[in-house]
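Everything quoted here is computed from the prediction, not taken from an experiment.
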Amino acid sequence: MSLVFYGASVLCLLCVMVLSLRWRTRARTLRLEKGAFERFFGQPVAQIVLQISGEAQWRQRLDRAGLYTQTPLGFLSAVLQQCLVLCIAACLILALSLQSGGVGVFLGLVLSAGVMMWRIQGLSRAWQRQRRQLQRELPFLFDLLVMALESGAGFNVALQRIYALTPSPQSRLMLARLLECLSAGMGRQQALQHYAEHMQLEALHQWAWTLEQADSFGISLAPLLRIQATQLRERLLQQGEQKALQAPLKMLLPLSLCLMPCTFIVLLLGLGAQLFPLLTGQA
């Protein structure tokens, strides 16, 4: 009977995978097409979620995470499709392992819901990672911009030169967005302020304020950027020192829960091994 159940579970899982993904080979290229689950389950449920939560909010999350080519409907339908496949597989495996259908289905639903929340929270994690990376790279970009401006190049030309030289993907993405806004006719301060609001980074707001001060008072931009780069490096150094001071406090809980109990167990076992013959001898 168990073999029949395992065979049925494997067959159901294979049917889910075949319905969810369908591969076709055309002109020696392997192309992934929309499966039955994505058409009849993923997209309708994703449309309902978008109507409830708002498509603009999901578009903003995807843009902040760097997924500019991904649509909210495509992202949500793909996540729902993966969670459905995982839920069916987990329910079958857990129900057969625990010999209880209700408990297996409940645990499978909880597992799939956790994976869905983890995938959605991954957008926020990617955005925070991009913000930290960009904040670390801004002083170096300011140095390159200062050298380009002092060589006689204009602001737009300097950005184009830096875009061609910088190897960082996050810096190239920021410069590409700025150049697109400048090419569309937006002012440099407005373009930078728009990207600063998009990333919610204080250093970019200060850069926009620096451009405003340079345009208002007619002063050179290079000395202001050099001062701002120095301030950013000092701020990053202070943040590193604060994290170094917080490290012992963060290590206290893992040490107290993992290392110290093991140390006490080893000491007590050695002490017990030495005292046990003496106690048994006295008895």
Side-chain angles (χ1 to χ4, degrees), residues 59-70 121-247 250:
R59 180 71 270 173
Q60 186 180 10
R61 290 183 179 180
L62 292 174
D63 290 343
R64 286 179 174 178
L67 303 176
Y68 299 103
T69 59
Q70 184 77 30
Q121 290 297 323
L123 298 176
S124 300
R125 292 193 299 270
W127 178 49
Q128 295 294 336
R129 184 169 58 252
Q130 290 179 2
R131 291 178 71 249
R132 291 192 298 267
Q133 182 180 358
L134 184 59
Q135 188 174 8
R136 291 194 299 265
E137 295 172 356
L138 275 178
F140 177 69
L141 292 179
F142 287 162
D143 293 338
L144 294 178
L145 187 58
V146 167
M147 289 188 293
L149 292 175
E150 289 180 347
S151 65
F155 185 78
N156 296 354
V157 178
L159 291 181
Q160 293 176 0
R161 291 181 181 178
I162 297 173
Y163 177 79
L165 294 175
T166 182
S168 174
Q170 184 59 35
S171 300
R172 290 176 64 88
L173 180 61
M174 181 193 70
L175 295 173
R177 296 292 298 271
L178 292 178
L179 290 173
E180 288 178 1
C181 294
L182 293 174
S183 301
M186 189 180 297
R188 58 183 187 178
Q189 179 188 353
Q190 296 177 355
L192 189 57
Q193 188 69 30
H194 176 73
Y195 192 76
E197 294 176 356
H198 172 70
M199 295 299 294
Q200 294 184 4
L201 196 59
E202 184 64 26
L204 295 178
H205 286 287
Q206 292 181 358
W207 188 9
W209 180 81
T210 302
L211 290 176
E212 181 182 1
Q213 296 298 316
D215 293 338
S216 300
F217 296 100
I219 57 180
S220 178
L221 184 60
L224 297 178
L225 290 178
R226 186 180 289 109
I227 295 173
Q228 189 174 358
T230 304
Q231 293 177 353
L232 282 177
R233 287 191 175 91
E234 293 177 354
R235 187 182 306 171
L236 291 175
L237 181 61
Q238 292 177 358
Q239 292 178 359
E241 292 176 352
Q242 290 178 358
K243 291 181 179 179
L245 294 175
Q246 293 174 359
K250 294 181 179 179

**Prompt:** CD1/I227 to CG/L232 distance, rounded to the nearest 0.5 angstrom?
**Reply:** 12.0 Å
**Request:** Of all the heavy-atom pairs spanning F155 and L211, show the shortest one and how long it is.
**Result:** CE1-CD2, 4.0 Å
**Message:** Distance check, rounded to the nearest 0.5 Å: L159 atom CG versus L178 atom CG?
**Reply:** 6.5 Å
**Item:** Heavy-atom check, side chain of L138 versus side chain of L141, under 4.5 Å
**Value:** yes
**Prompt:** Which pair of heavy atoms, one from N156 and one from L179, lies closest together, and at what distance?
**Reply:** O-CD2, 4.1 Å
Please tabulate, one pair per line, all N/O donor-acceptor pairs under 3.5 Å involving side-chain atoms of residues 184-199, not counting sequence neighbours.
from: R188; atom 1: NH2; to: D215; atom 2: OD1; distance (Å): 2.4
from: Q189; atom 1: NE2; to: E212; atom 2: OE1; distance (Å): 3.3
from: Q193; atom 1: NE2; to: H205; atom 2: ND1; distance (Å): 3.1

**Request:** Not counting sequence neighbours, which residues clear salt bridge (Lys or Arg N to Asp or Glu O under 4.0 Å) with R131? List them please.
**Result:** none
**Message:** Q228: which residues meet the side chain to side chain donor-acceptor pair (under 3.5 Å) condition with it, sequence neighbours left out?
**Reply:** T210
**CE-CD1 distance between M147 and I162, expressed to the nearest 0.5 angstrom** = 8.0 Å
**Message:** Under the side chain to side chain donor-acceptor pair (under 3.5 Å) definition, can you give me all pairs with a residue in residues 138-153, not counting sequence neighbours?
**Reply:** D143-R233, E150-R226
**Fill in**
All heavy atoms of P139 vs all of R136, minimum pair found to be CD-O, 3.5 Å
**Complete:** Heavy-atom closest pair (Q135 atom, L236 atom, distance to 0.1 Å) is O-CD1, 3.7 Å
**Prompt:** How would you list all residue pairs meeting salt bridge (charged side-chain N to carboxylate O under 4.0 Å, His left out) that involve residues 168-186, not counting sequence neighbours?
**Reply:** none
**Message:** Just to verify, what does S171 make a side chain to side chain donor-acceptor pair (under 3.5 Å) with, not counting sequence neighbours?
**Reply:** E137
**Asked** Of all heavy-atom pairs between L221 and A214, which one has the smallest distance, and what is that distance?
**Response** CD1-CB, 4.0 Å
**Prompt:** Got a second to check how far L145's CG is from F140's CZ, nearest 0.5 Å?
**Reply:** 12.0 Å
